[in-house]
Engineer: 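One structure, as structure tokens, below. Some questions next.
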Amino acid sequence: MRIAAAQARCPWLDPAAGTAKVLAFLHDAADRQVELVAFPETFLSGYPYWLSSTGGAAFDDPLQKQAYACYLDAAVELDGPELATITEAVRDLGVFTYLGISERSGGTVYCTLVAISPDHGVVSAHRKLMPTFEERLVWGTGDGHGLRAHTFRGVRAGGLNCWENWMPLARQSLYAQGVDLHVSVWPGSTGLTRDITRFIAREGRVYSLAAGALISFDDVPAGFPFTVTGPSAYDGGSAIAGPDGEWIVEPVSGEERLVIADLDLARVRGERQNFDPAGHYHRGDVLRLTVDRRRLSGADFLD
């Protein structure tokens with residue numbers, strides 16, 4: 001299988017432009033015979049970059065409320081027109097797609113990684129288990145509903161959002177489902193992806209694909225209450241490591257492009273000869289993981 005990370009500049013808080021950019025990269029991927037592509041964390045409709053530089057924790061601050069309202073309005077719904085359009089393109093082009101979205105559900109935004117199959121449409125929507133630090137000011141905590149692996153053309157893949165890739169049991173939940181490919185999605189930074197991408201590859205004896213975005217503060221729409229100036233630290237960092245933990249493509253900085261590699265599943269099988277974290281090197285009689293994959297909600301109605 002040929003895989004790719006779509007390292008792209010994020011059309012910030014503009015779901016229509018974001019959808020158009022996703023479609024453009026999907027067409028480019030299909031033209032290059034890519035069969036699976038991953039887009040960055042909350043690529044549609046943007047990462048909440050303003051929190052750490054504007055006093056995001058100020059309680060009842062009117063500007064922070066205004067900023068959140070803008071962010072909520074720009075988030076997309078799982079059954080909304082943006083994902084419907086993207087799902088149709090995925091079906092037409094035959095490219096399995098992992099897409100990071102800011103998902104709106106009522107008055108809450110979730111950091112969600114959507115998996116879209118050409119054959120079955122949206123097959124999972126994984127809400128980030130634990131938003132990191134100031135992200136908790138704007139994102140709800142997720143659940144285990146989307147901790148699922150999917151098989152496409154003989155390759156089994158699963159994915160996680162940003163720092164939850166550092167959660168050992170979240171990784172193990174995917175290893176236990178027999179993944180050959182681990183997808184990690186990021187807001188975009190070579191500093192974030194350089195260590196963990198290779199670590200996951202070597203730990204899981206899997207191919208490890210990291211997808212990071214480029215964010216420019218020049219893209220902030222008029223009317224947003226905060227302005228951040230200066231260079232952006234969101235420089236991409238998309239990378240691919242092989243199942244021996246060595247780089248196939250080192251983290252890419254500052255470029256908008258597809259980061260592409262070809263998988264050879266024989267390499268995965270070979271590396272598991274001496275280590276399989278969910279198989280012959282796992283002591284299930286001593287250490288056990290239970291994963292609750294029910295979708296959590298605010299109420300259960302028993303009619």
Side-chain angles (χ1 to χ4, degrees), residues 5-10 12-13 18 22 37-53 56 71 75-76 97-104 108-115 124-149 157-175 179 181-201 203-204 206-215 232-241 251-253 259:
Q7 180 159 295
R9 186 165 168 173
C10 175
W12 205 72
L13 300 196
V22 170
V37 64
F39 290 82
E41 181 182 49
T42 60
F43 184 78
L44 189 72
S45 299
Y47 183 78
Y49 76 88
W50 78 89
L51 294 167
S52 58
S53 58
Y71 193 67
V76 299
T97 300
Y98 279 96
L99 174 64
I101 67 170
S102 54
E103 178 202 345
R104 182 173 66 247
T108 298
V109 178
Y110 294 97
C111 171
T112 301
L113 180 60
V114 177
S124 65
H126 173 54
R127 293 172 173 173
K128 192 173 185 177
L129 293 169
M130 179 53 66
T132 303
F133 203 54
E134 73 269 10
E135 293 171 357
R136 297 171 203 175
L137 297 167
V138 293
W139 291 343
T141 53
D143 54 33
H145 186 267
L147 290 174
R148 301 174 189 271
L160 296 172
N161 297 284
C162 199
W163 264 24
E164 68 177 356
N165 285 283
W166 284 110
M167 299 172 71
L169 299 185
R171 297 195 305 271
Q172 181 68 9
S173 74
L174 297 181
Y175 299 154
V179 294
L181 169 66
H182 182 101
V183 174
S184 61
V185 298
W186 307 84
S189 168
T190 52
L192 290 174
T193 60
R194 182 165 294 279
D195 294 329
I196 188 65
T197 306
R198 290 185 61 204
F199 177 85
I200 288 173
E203 177 187 59
V206 294
Y207 283 94
S208 181
L209 170 69
L214 304 170
I215 299 177
S232 169
Y234 303 101
D235 67 338
S238 299
I240 304 170
V252 176
S253 176
V259 177

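Fair warning: this is a prediction, and the values are worked out from it, not measured in the lab.
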Engineer: Hey, does the side chain of Arg136 reach the backbone of Pro131 with a donor-acceptor pair shorter than 3.5 angstrom?
Structural biologist: yes
Engineer: Nearest 0.5 Å, what's the CG-CG distance between Leu181 and Leu174?
Structural biologist: 10.5 Å
Engineer: Given 3.5 Å as the limit, does a donor-acceptor pair link the side chain of Gln7 with the main chain of Val252, or not?
Structural biologist: yes
Engineer: Going by side-chain contact (heavy atoms from CB on, under 4.5 Å), Ile101 matches just one of Thr112, Thr42, Val109. Which one?
Structural biologist: Thr112
Engineer: Any non-hydrogen side-chain atom of Tyr47 less than 4.5 Å from a side-chain atom of Val138?
Structural biologist: no
Engineer: Would you check if Ser189 and Asp235 make a side-chain contact, meaning some heavy-atom pair closer than 4.5 Å?
Structural biologist: yes
Engineer: Decide yes or no for Leu192 and Pro187: does some side-chain heavy atom of the first lie under 4.5 Å from some side-chain heavy atom of the second?
Structural biologist: yes
Engineer: Passes ring pair (Phe, Tyr, Trp, His ring centres under 6.0 Å), Tyr71 versus Trp50? Steps please.
Structural biologist: CA-CA 11 Å; Tyr71 193 67; Trp50 78 89; 5.5 Å; yes
Engineer: Heavy atoms only: give me the nearest Gly212-Ser238 pair and the separation to one decimal.
Structural biologist: N-OG, 2.9 Å
Engineer: Distance-only, no hydrogens or angles: does the Ser208 side chain make a donor-acceptor pair with backbone N or O of Arg198 under 3.5 Å?
Structural biologist: no
Engineer: Indicate, with yes or no, if the rings of Trp186 and Tyr234 have centres closer together than 6.0 Å.
Structural biologist: no
Engineer: Check Ala149 against Val179 and note the closest heavy-atom contact, atom names and distance.
Structural biologist: CB-CG1, 3.7 Å
Engineer: Dump the intermediate steps for side chain to side chain contact (heavy atoms under 4.5 Å, CB included) on Met130 and Glu135, then the final yes or no.
Structural biologist: CA-CA 9 Å; Met130 179 53 66; Glu135 293 171 357; over 6 Å; no
Engineer: Going by the side chain to side chain donor-acceptor pair (under 3.5 Å) test, name the single residue among Arg171, Lys128, His126 that passes it with Glu164.
Structural biologist: His126
Engineer: Excluding sequence neighbours, so at least two apart, what forms ring pair (Phe, Tyr, Trp, His ring centres under 6.0 Å) with Tyr49?
Structural biologist: Trp12, Phe217
Engineer: Please check if the side chain of Thr97 supplies one atom and the backbone of Leu99 the other of a donor-acceptor pair under 3.5 Å.
Structural biologist: no
Engineer: Mind checking the CD-CD1 spacing from Glu203 to Ile196? Nearest 0.5 Å is all I need.
Structural biologist: 7.5 Å
Engineer: Indicate the atoms forming the closest heavy-atom contact of Leu129 with Thr141, along with that distance.
Structural biologist: O-CB, 3.8 Å
Engineer: To the nearest 0.5 Å, what is the distance between OG1 on Thr108 and CD on Glu103?
Structural biologist: 10.0 Å
Engineer: Closest heavy-atom contact between Glu41 and Cys162?
Structural biologist: OE2-CB, 3.3 Å
Engineer: Check whether any side-chain heavy atom of Leu113 lies under 4.5 Å from a side-chain heavy atom of Tyr98, and answer yes or no.
Structural biologist: yes
Engineer: Return the minimal non-hydrogen interatomic distance between Gly46 and Cys10, and the atom names on each side.
Structural biologist: CA-SG, 3.7 Å
Engineer: Might you work through the side chain to side chain contact (heavy atoms under 4.5 Å, CB included) test for His182 and Leu160, ending with a clear yes or no?
Structural biologist: CA-CA 8 Å; His182 182 101; Leu160 296 172; 3.8 Å; yes
Engineer: Specify the closest pair of heavy atoms between Ala241 and Ala201, including all atoms of both residues, with the distance to one decimal.
Structural biologist: CB-CB, 3.9 Å
Engineer: I'd like to know if the side chain of Ser232 and the backbone of Ile215 have a donor-acceptor N/O pair within less than 3.5 Å.
Structural biologist: yes
